[in-house]
Amino acid sequence: MTQDVKEIFADRRGTGTSVRSVAAPPAPAALAAKVRTLAPSMTRSMQRVAEAVADDPAGCAALTVTGLAELTGTSEATVVRTARLLGYPGYRDLRLALAGLAAQQESGRAPALTTDIAVDDPIADVVAKLAHDERQTLADTAAGLDTVQLGAAVAALSGARRTDVYGIGASGLVAQDLTQKLLRIGLIAHAPGDPHLAVTNAVQLRAGDVAVAITHSGSTGDVIEPLRVAFERGATTIAVTGRPDGPVTQYADHVLTTSTARESELRPAAMSSRTSQLLVVDCLFVGIAQRTYASAAPALSASYEALAHRHRSGSR
């Protein structure tokens with residue numbers, strides 16, 4: 001990060017203290033999903049800790065912080081950092097979650113259905129596995145979503161002069177979905193599909209405008225660049241990402257973290273992440289519609305009426 005951006009970043013946060021609040025710790029059942037989501041962004045030593053607690057929650061729950069550090073060949077500081085990255089205030093909270101997860105597994109309440117889809121699976125099994133996957137992804141995202149950050153994002157979008165939404169590939173489809181929703185309630189929004197156009201649009205933003213970046217990896221350059229430009233121009237910036245410590249967040253005033261279904265050969269993260277992103281978009285939209293109900297309701301009604309004739313039987 002350049003010195004100028006560092007100064008802007010510090011100034012946007014006043015004393016330099018992050019405006020982001022700490023989300024509630026994830027439920028025990030969500031721990032494995034959290035590990036899958038965050039492991040690629042961890043250091044190798046933190047990955048060893050995360051993999052150990054996910055593979056043997058009962059065994060790790062019985063260990064002190066020193067014991068887990070020795071088991072994984074890491075340090076106590078690494079264990080504590082891993083616990084915090086996974087969403088727990090400290091190692092004690094992680095141990096409690098591990099004990100809860102172990103109890104679920106021992107009682108047989110853990111899901112028996114695996115989401116690994118084989119190339120020769122019957123279509124009925126594919127449906128069942130994907131449905132389970134989608135439910136778990138939505139539950140994990142809801143459990144980990146910071147409602148303080150969500151409320152702040154809703155407030156910013158509700159009063160924005162203009163909103164730009166950036167996304168590439170599958171995330172680009174989600175960006176278009178958010179833009180379409182905002183337009184339906186009378187707000188000015190753009191989702192430039194071309195990376196160059198996204199940057200030139202971002203140059204025109206200023207205080208009172210909002211820029212939203214949607215990227216599961218948190219490291220998509222074509223999404224980060226326009227968000228950085230918008231940030232430097234004074235716009236309020238929001239990141240919707242599965243990597244809360246990814247590069248995109250250094251230019252985000254508000255971070256909304258998504259979960260993702262387990263990856264497989266037939267369903268990479270770029271596809272499975274869309275479910276959780278769409279949940280966040282729907283939460284944003286409903287929150288905005290609530291805050292702007294006096295204008296949003298008539299706008300929705302008008303847009304519905306404008307299209308109603310296209311859905312009547314016999315229309316041409």
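Heads up: numbering here begins at 1 and tracks the sequence.
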Exercise: do [X] and [Y] side chains pair donor with acceptor under 3.5 Å:
X: T258; Y: Q277; answer: no
X: T236; Y: D253; answer: no
X: S259; Y: T141; answer: no

Could you check whether any side-chain heavy atom of [X] comes within less than 4.5 Å of a side-chain heavy atom of [Y], counting everything from C-beta outward?
X: T179; Y: K181; result: no
X: I214; Y: V223; result: no
X: R243; Y: H216; result: yes

Looking only at atom types and distance, does a side-chain atom of [X] sit under 3.5 Å from a main-chain N or O of [Y], one as donor and one as acceptor?
X: Q149; Y: L256; answer: no
X: S158; Y: V154; answer: yes
X: T147; Y: L150; answer: no
X: D140; Y: T137; answer: no
X: T64; Y: G67; answer: yes
X: T82; Y: V49; answer: no
X: T78; Y: T74; answer: no
X: S217; Y: S219; answer: yes
X: R95; Y: L63; answer: yes
X: D93; Y: G90; answer: yes

Exercise. Going through the checks in order, is the side-chain contact (heavy atoms from CB on, under 4.5 Å) test met by Y91 and L68?
Worked result: CA-CA 10 Å; Y91 180 61; L68 184 54; 3.6 Å; yes
Restricting to non-hydrogen atoms, name the atom on [X] and the atom on [Y] that form the minimum distance, rounded to 0.1 Å.
X: I185; Y: F285; result: CG2-CE1, 3.7 Å
X: I188; Y: H190; result: CG2-NE2, 3.8 Å
X: A211; Y: L205; result: CB-CD1, 4.0 Å
X: L71; Y: C60; result: CD2-SG, 4.4 Å
X: V210; Y: A160; result: CG2-CB, 3.7 Å
X: A83; Y: L94; result: CB-CD2, 3.8 Å

Any chain of hydrophobic side-chain contacts (each under 4.5 Å) joining [X] to [Y]?
X: L279; Y: L173; answer: no
X: V286; Y: L145; answer: yes
X: V281; Y: L300; answer: yes
X: V229; Y: Y251; answer: no
X: V240; Y: L278; answer: yes

Looking at [atom1] of [X] and [atom2] of [Y], how far apart are the two atoms once the value is rounded to the nearest 0.5 Å?
X: H254; Y: T249; atom1: NE2; atom2: OG1; answer: 13.5 Å
X: T163; Y: I238; atom1: OG1; atom2: CD1; answer: 7.5 Å
X: L157; Y: I288; atom1: CG; atom2: CD1; answer: 4.0 Å
X: L130; Y: R135; atom1: CG; atom2: CZ; answer: 10.5 Å
X: D222; Y: T215; atom1: CG; atom2: OG1; answer: 10.0 Å
X: R81; Y: M42; atom1: CZ; atom2: CE; answer: 11.5 Å

Exercise. Under the salt bridge (Lys or Arg N to Asp or Glu O under 4.0 Å) test, which residues partner D55, sequence neighbours left out?
Worked result: none
Should we count [atom1] of [X] as having more than 12 external heavy atoms under 6.0 Å?
X: R44; atom1: CZ; result: yes
X: R162; atom1: CZ; result: yes
X: L197; atom1: CG; result: yes

For this session: Please assess R310 against L307 for the test side-chain contact (heavy atoms from CB on, under 4.5 Å), listing each intermediate value before the final yes or no.
Result: CA-CA 6 Å; R310 293 180 176 272; L307 296 174; 4.1 Å; yes
Exercise. Is K129 salt-bridged to D133, going by a charged N under 4.0 Å from an acidic O?
Worked result: no
For this session: Answer yes when R161 and D209 have at least one side-chain N-carboxylate O distance shorter than 4.0 Å, and no when they do not.
Result: yes
For this session: Decide yes or no on side-chain contact (heavy atoms from CB on, under 4.5 Å) for V80 and R84, but give the supporting numbers first.
Result: CA-CA 6 Å; V80 173; R84 289 177 177 167; 3.8 Å; yes
Exercise. V212 and D164: side-chain contact (heavy atoms from CB on, under 4.5 Å), yes or no, with the steps?
Worked result: CA-CA 6 Å; V212 182; D164 276 11; over 6 Å; no
Problem set entry | With S303 via side chain to side chain donor-acceptor pair (under 3.5 Å) - residues at least two apart | R184
